[in-house]
Amino acid sequence: MNQHDHLQKSSDSSGTVTTLDKVPAPGKCRVVAVPARGPFRTRLLAMGFVPGAGIEVLRAAPLGDPVEYRVKGYCISLRKEEARLISVSTGGVDP
Amino acid sequence: MSKKITIALAGNPNVGKSTLFTAITGKRQHTGNWPGVTVEKKSGSVRHHDTDIEVVDLPGTYSLTAYSQDEVIARDFIIDGKPDVVVQVVDATSLERNLYLTTQLSELGVPLVIALNMADMAEQRGDVIDLQKMSKYLEIPVVRTVGSKGEGIGGLLDAVVRESGTSPHHEHSIGYGDRVEPVIADLIEALRQDPALTSRYPPRWLAVRLLEGDEDAEKKIKVSRARDAIYSILSGIDAGEYEALMADRRYEVIAAVLPQVCTTCVGEMTASDLIDRVVTSRYLGIPIFLVLMWGAFELTFTVASPFMAMIEAVQEYLAGVAAGIQPGWLATLIGDGLIGGVGSVLIFLPNIFILLFLLAILEDSGYLARAAFVMDRLMYSIGLPGRSFIPMIVGFGCNVPAIMATRTIEDTSDRLITILINPFISCGARLPVFVLFAGLFFPENPGTVIFGLYVLGIVVAIASAKLFRATILPGKPAPFLMEMPPYRLPTAMTSVRHMWDRGSMYIRKAGGIILIGALVIWALAASPAGVEYGSAASYAGMIGQAVQPLFAPLGFNWEMTVSLIFGFVAKEIVIASLGTLYGVGEDAGALEGALLADPALGSITALAFMVFVLLYLPCIATMAVIRKETGSWKWTAFSIVFGTAVAYLAAFIIARGGALLFGGVIP
């Protein structure tokens with residue numbers, strides 16, 4: 001298995017690839033890649049935003065930002081400008 | 001023969017670690033700071049059979065990278081502090097993310113024990129967790145605990161004592177797969193060129209950190225003789241990609257273990273989700289937050305007032321006793337300096353403690369995260385994170401607990417800015433000054449003037465935040481990335497302890513500064529020998545008169561200038577001081593008459609004076625808490641100078657602007 005396949009495993013090639021901030025709430029998607037950089041990327045990975053992870057978009061804050069997500073069985077919120085650094089696929093996710 | 005061991009409590013935030021720590025150590029604990037930083041360190045001790053166990057509570061962390069100060073503290077303690085056993089407190093209701101930290105802890109080469117905490121909550125929702133299998137697959141002893149009820153502590157300590165005898169007998173770190181492992185092996189090989197390094201840090205752990213691009217690990221390599229070999233390995237690969245592979249692999253391992261361990265895992269947080277649907281909803285989110293804050297203030301002042309009356313009564317009684325003391329100077333030292341000066345700070349303790357208690361409840365229940373979530377967008381626009389909002393609100397009650405509440409802000413410069421702007425938020429002690437002056441000089445609409453002063457405080461706080469972001473502390477607020485922990489019913493015990501920890505630590509650390517400050521002011525007010533306390537003939541009076549020309553452009557006479565010096569003890573003292581200086585004592589009616597009759601005082605000057613009192617240097621108690629929370633006299637001095645400069649500027653604009661508008665003379 002080459003690296004590219006590995007990073008994109010379990011994402012459905014038929015789904016639209018976009019960034020996490022573009023997925024409306026409520027909705028579901030799956031992480032394709034984490035193009036963030038540096039320590040912030042390490043943190044995102046540690047918090048469960050790893051390629052292949054399923055994400056549930058729960059709700060936006062009253063002023064539209066940040067947004068609350070469920071990942072790896074717990075809830076976390078991210079600002080949109082941070083969610084933009086996560087590539088997701090909206091296809092092939094369990095309803 | 002008794003044995004002595006040290007254990008460290010590690011774990012994610014919001015897993016009930018502090019509660020478990022308290023359940024283990026009981027009253028035998030003390031709070032301090034980690035060396036060199038302002039992060040709180042708690043340690044305690046317990047005797048279990050014939051073993052003395054020293055327990056160190058590490059900061060809550062999600063991983064052991066170098067992302068935050070907390071993470072560096074936790075991992076440095078595990079490596080350098082050489083605890084005999086590390087206990088990871090795991091939230092049984094959120095195993096997947098919690099076990100991520102386990103995969104990192106197991107690489108550090110210390111004996112590990114897992115406390116499966118909040119197990120009752122997992123069971124309540126129907127999860128079935130097989131402890132034996134979990135122990136077997138992870139190769140780590142797992143003990144069921146419920147910290148809030150003190151369950152499982154004996155079993156946990158048994159396991160700890162058992163493990164402490166063993167060296168890390170099993171290599172229970174995980175394998176990272178065919179692509180990563182050869183690189184790790186190469187790195188370990190290279191690291192072995194520097195035995196000093198590998199004897200201090202587990203080589204595999206260091207290799208993994210380097211692959212993850214960990215800045216702290218890179219710093220260690222920079223001065224190592226293995227540097228060149230390491231650099232040549234790292235330059236040949238795309239580290240970012242390896243990092244993702246490793247994180248992914250850790251979660252893969254967890255995903256493989258979990259179904260075996262947790263046979264029925266519900267994994268839903270239905271109740272929390274339902275509450276959040278209301279509490280963070282589009283239309284109700286902000287109103288609910290504001291109502292909660294309003295309720296907190298109502299409660300604070302209702303509950304605090306009888307306590308304040310009690311303190312006042314005791315103070316008056318003691319002052320009466322002190323008045324009889326001979327010689328006279330001792331009587332005023334005790335009466336005016338100690339009882340009067342320290343007492344005027346003491347009177348705010350009920351407010352401080354109640355606000356701290358309510359903050360603890362908000363934090364322990366999980367609501368604090370929602371408040372930050374709801375307010376983040378608004379705060380972000382002024383260059384601060386959502387978590388800065390609560391301290392600003394609490395500042396309207398008292399700046400002391402407000403500044404202590406900035407502890408929940410992770411990022412250092414976010415936190416520093418929040419601390420520095422807090423004194424501009426008008427606290428309860430300033431209100432009596434505003435009520436007096438606005439009532440006298442703006443009898444038509446005193447409420448509007450007071451409201452305007454509060455707004456001015458907020459505006460100056462926001463403008464200062466923007467100014468700091470543009471100059472001395474540039475940048476953007478740290479990334480948000482905030483866990484929304486499930487709502488929990490806080491136990492009274494935990495919240496009371498939380499309050500007591502912070503409140504008593506404040507008294508211990510700030511008490512000395514407050515005492516010295518109060519005594520300095522007393523010495524200035526009571527000497528030279530024989531003067532009336534705080535009168536024009538005292539040193540304080542002389543200083544006030546000497547610097548008065550500086551305040552002349554603001555229209556302040558020497559009485560006002562002197563009273564501002566006394567306002568440093570606590571801002572409401574300004575009134576009592578004016579009473580002394582106008583020679584009317586504590587008679588409020590006489591003071592009002594004297595102020596109105598003073599030709600130097602008109603409405604413009606009164607307004608300038610109120611604005612000055614609003615903005616100028618923080619009171620002693622606030623200064624002490626700024627010193628304690630920033631850990632720096634430099635920032636404390638900055639806060640004093642900056643506040644006073646802003647106050648002068650604002651009062652100057654009002655006084656001169658008023659003079660221009662109303663023609664030459666200040667009315």
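Naming convention: chains lettered A, B, ... in sequence-line order (proteins, then strands); numbering from 1 in each chain.
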Participant: Heavy-atom distances under 4.5 Å only: say whether A:A60 touches chain B with side chain, backbone, both or neither.
Facilitator: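 Backbone only.
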Participant: Which atoms form the tightest heavy-atom contact between B:L481 and A:F40, and what is the distance?
Facilitator: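 Smallest interatomic distance, heavy atoms only, reads CD1-CE1, 3.5 Å.
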Participant: At what distance, to the nearest 0.5 angstrom, does OH of B:Y380 lie from CG of A:L63?
Facilitator: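 One finds 14.5 Å between OH of B:Y380 and CG of A:L63.
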Participant: Quick one, B:D376 and A:D65 - any side-chain contact, counting heavy atoms below 4.5 Å?
Facilitator: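 No. Closest side-chain heavy atoms not under 4.5 Å.
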Participant: I need the A:E68 CD to B:R370 CZ distance, nearest 0.5 Å.
Facilitator: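 Output value for this atom pair is 6.0 Å.
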Participant: Could you measure the distance from the OG atom of B:S94 to the NZ atom of A:K72? Nearest 0.5 Å is fine.
Facilitator: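 So the OG of B:S94 and the NZ of A:K72 are separated by 11.5 Å.
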Participant: Considering only heavy atoms, which portion of B:R250 lies under 4.5 Å from any heavy atom of chain A: side chain, backbone, both, or neither?
Facilitator: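 For B:R250, there is no contact with chain A at all, as no heavy atom is under 4.5 Å.
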Participant: Any chance you could measure B:E212, atom CD, to A:L45, atom CG, to the nearest 0.5 Å?
Facilitator: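 B:E212 atom CD to A:L45 atom CG measures 8.0 Å (nearest 0.5 Å).
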Participant: Under a 4.5 Å heavy-atom cutoff, which of B:D276, B:V374, B:L378 has the most pairs with chain A?
Facilitator: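 Answer, by heavy-atom pair count under 4.5 Å with chain A: B:D276.
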Participant: May I ask you to list the residues in residues 282-293 of chain B that approach chain A closer than 4.5 angstrom, counting heavy atoms only, ordered by number?
Facilitator: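 Counting heavy atoms that sit under 4.5 Å from chain A, the residues of residues 282-293 of chain B involved are B:R282, B:G285, B:I286.
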Participant: Side chain from CB out, backbone as N, CA, C, O: work out which of these in A:V71 comes under 4.5 Å of a heavy atom of chain B, or both, or neither.
Facilitator: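 Nothing of A:V71, per the 4.5 Å heavy-atom cut-off to chain B.
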Participant: Is it the side chain or the backbone of B:E71 that comes within 4.5 Å of chain A heavy atoms, both, or neither?
Facilitator: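 Answer is side chain: those atoms of B:E71 sit under 4.5 Å from chain A.
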Participant: Among residues at least two apart in sequence or on other chains, which ones pass salt bridge (Lys or Arg N to Asp or Glu O under 4.0 Å) with A:E81?
Facilitator: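 A:E81 satisfies salt bridge (Lys or Arg N to Asp or Glu O under 4.0 Å) with B:K476 once adjacent residues are dropped.
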Participant: Check whether B:T65 gets within reach of chain A through its side chain, its backbone, both or neither, counting any heavy atom under 4.5 Å.
Facilitator: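 B:T65 touches chain A through side-chain heavy atoms alone.
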Participant: Is it the side chain or the backbone of B:D178 that comes within 4.5 Å of chain A heavy atoms, both, or neither?
Facilitator: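 It is neither, since no heavy atom gets under 4.5 Å.
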Participant: So which part of B:A478 gets closer than 4.5 Å to some heavy atom of chain A, the side chain, the backbone, both or neither?
Facilitator: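 It is the backbone, since no side chain atom gets that close.
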Participant: Hey, are the side chains of B:D273 and A:R59 touching, using non-hydrogen atoms and a 4.5 Å cut-off?
Facilitator: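 Side chain of B:D273 against side chain of A:R59, heavy atoms only: contact under 4.5 Å found.
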Participant: When you compare the side chain of A:P66 with that of B:M482, does any pair of heavy atoms fall below 4.5 Å?
Facilitator: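 Contact flag for B:M482/A:P66 side chains = no.
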Participant: Check ring pair (Phe, Tyr, Trp, His ring centres under 6.0 Å) between B:Y251 and all other residues, then give those that pass, not counting sequence neighbours.
Facilitator: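 Applying ring pair (Phe, Tyr, Trp, His ring centres under 6.0 Å) to B:Y251 gives B:Y100.
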Participant: To the nearest 0.5 Å, what is the distance between CG on B:N14 and OH on A:Y74?
Facilitator: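 Nearest 0.5 Å value for the CG-OH distance: 11.0 Å.
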Participant: Using a cut-off of under 4.5 Å for heavy-atom pairs, which of A:A61, A:P39, A:S77 has the most such pairs with chain B?
Facilitator: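 Counting heavy-atom pairs under 4.5 Å, the top option is A:S77.
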Participant: Just to verify, what does B:E123 make a salt bridge (Lys or Arg N to Asp or Glu O under 4.0 Å) with, not counting sequence neighbours?
Facilitator: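 In terms of salt bridge (Lys or Arg N to Asp or Glu O under 4.0 Å), with neighbours along the sequence ignored, B:E123 is linked to B:R144.
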